[in-house]
Amino acid sequence: MNALLEVRDLVVRYGAALAVDHVSFEVRAGETLALVGPSGCGKSSTAAAALLLRRPDGGEVRFEGRELTRLPERDLRALRPAMQPVFQDPYGSLSPRQRIRDAVAEPLRVQGRWDAATGPARVAELLARVGLDAAHGLRRPHELSGGQCQRAGIARALASEPRLLVLDEPVSALDPSVRAGVLNLLAELQETLGLGYLFICHDMALVRHFADRTAEMRDGRLVRVS
Amino acid sequence: MSADEPLLSVRDLRISFDGAEAVRGLSFDVHAGEVLALAGESGAGKSLTARALLGLVPRDAVVRGTVRLRGGTELVGAKPRTLAALWGRRVALVPQDALSALSPVHPVGDQIAAAVRSLRGVSRREARARAAAALDRVGVPAARCGAYPHELSGGMRQRAVVALATAGDPDLVVADEPTTALDPDLRDQVLRLLAERQEETGAALVLVTHDLAAVRDHADRVLVLYAGRHAESGPAAPVLDHPRAPYTAGLLASLPPAAPVPGRGRRLPAIGGVPPAPGEPAVGCAFAPRCPLAEDRCRADVPGPRRVGAAAERREVSCHRSADLPGALGELFREAV
């Protein structure tokens, strides 16, 4: 089966420091690869470089077979909707002044896919997909709980119709009693939409439960893939 | 004073802001030599309660009830001078964030020596020697005494804060665990270290946590809070193995299993709904809107703590339906998305 995301010999440097040291892995459609390791081991740097949010200093990143590291920004922009991040801090990843429905509509507008006739229904559908209703759409992030806010962040990512989600500690900032619901949602979305997940997490019990395969990092290097 | 007298007694503790109650009538004891976990999620009132044990509630908080130390010292409404005399000697705090607990402009050894001097009134030389010994006890080598906090790793910094908090051999240490993602290896190290220190000195440790999995590893007893009220309390192992409150049962059921459960996919049993916002007025049991067992009386009357099991266990549950709960409580929760 072809890889959705293929990372080869990825290198990220911050000045003289080597944050990511020749890391290679792949994520297939419908599969979850967990990226684990202690704080500061290079997980988030790897994810940022894999999403081309930061140009890597070496190596290759292929998305659906296409090499991205040397693509001009213009071409990358066309590919970005297909690979979406979901962040740890549910409040920090949404604008505090924007209503939830506008945050979810924004990718459609930015990508030139907004249609005044069908747009609102599409937003309602995306909200329903993540377990939120129209009333949640009218609120702003601080008027929602952490779990509801994270669901809104997921709805916003889905608006771009991604094939890959990079989930950076998506439930570790959430209250324990709402974590399972968000994880179940992520599992359901993966099963129905065939999404590939790069799942950054340092809760090993959760990784064992949720991920198909695990890539373990230490000091910028990949020490084990299973 | 009998040997059984608790180190600290909390009775009907209520903490409110602008009339909105965040802690709604808590009573519990902390005994010498035990590790008590205060478990609950954000808004449950656990951090506020823990701070009240030190007389450290925010200025705009209105505190009612009693928090009494063995020997009779009352912390609620105590004068700043009374509290200052207790801090470090009888009660001490290990805060969440080690970096902000230490001064960035003084070496860690000096900071601990200064604490020792103010607590014990010893000479500078003696204070320095005791600081080095305190750091050594928590595994920070003497050579690192001269290091500034930013020169230490996160783990070493946490150790230095433990040394600082325990320098005056307090009777009670309150550790406020990070609620955001802290490296779990580091967290376990610090908790083990605290437990070791506590065993050496016979002090009591109150551990504030949102992580029930950590409770099993690190606490003797647990008090589970929900929306500022007591949900369930007792010895850690029985409470976690056989929870009697639907909230505790739901939380435990929603944790990823240690080993894959045959026939069950990736879905986890989940508690529906969301916790109430702090101070949100609640009629009846605060968990009732999310509870699969709730009936009319749950929505009308607040359940008080009731004893379950043998008296010696000191186990209590606040649930109208605790008498007729099914055995496998966790199975009540469905794998909702």
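Lettering of chains follows the sequences in order, A, B, ..., and the numbering in each one begins at 1.
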- request: Specify which of Pro176(A), Gly147(A), Gly40(A) makes the most heavy-atom pairs with chain B at under 4.5 Å.
  value: Pro176(A)
- line: Looking only at heavy atoms, the pair that brings Pro257(B) and His209(A) closest together is CD-ND1, 3.5 Å
task: Answer with side chain, backbone, both or neither: which region of Ser177(A) has an atom nearer than 4.5 Å to a non-hydrogen atom of chain B?
output: both
message: I need the residue from Gly40(B), Gly43(B), Ser254(B) with the largest number of non-hydrogen atom pairs under 4.5 Å to chain A.
response: Ser254(B)
task: Please work out whether the ring planes of Phe333(B) and Phe287(B) are parallel, tilted or perpendicular, with thresholds of 30° and 60°.
output: tilted
message: At a 4.5 Å cut-off on heavy atoms, which part of Leu206(A) comes close to chain B: side chain, backbone, both, or neither?
response: both
Over all atoms of both residues, closest heavy-atom pair of Ala215(A) and Leu222(A): CB-CD1, 3.8 Å
field: Minimum-distance pair of heavy atoms, taken over all atoms of Cys149(A) and Tyr91(A)
entry: SG-CD2, 3.7 Å
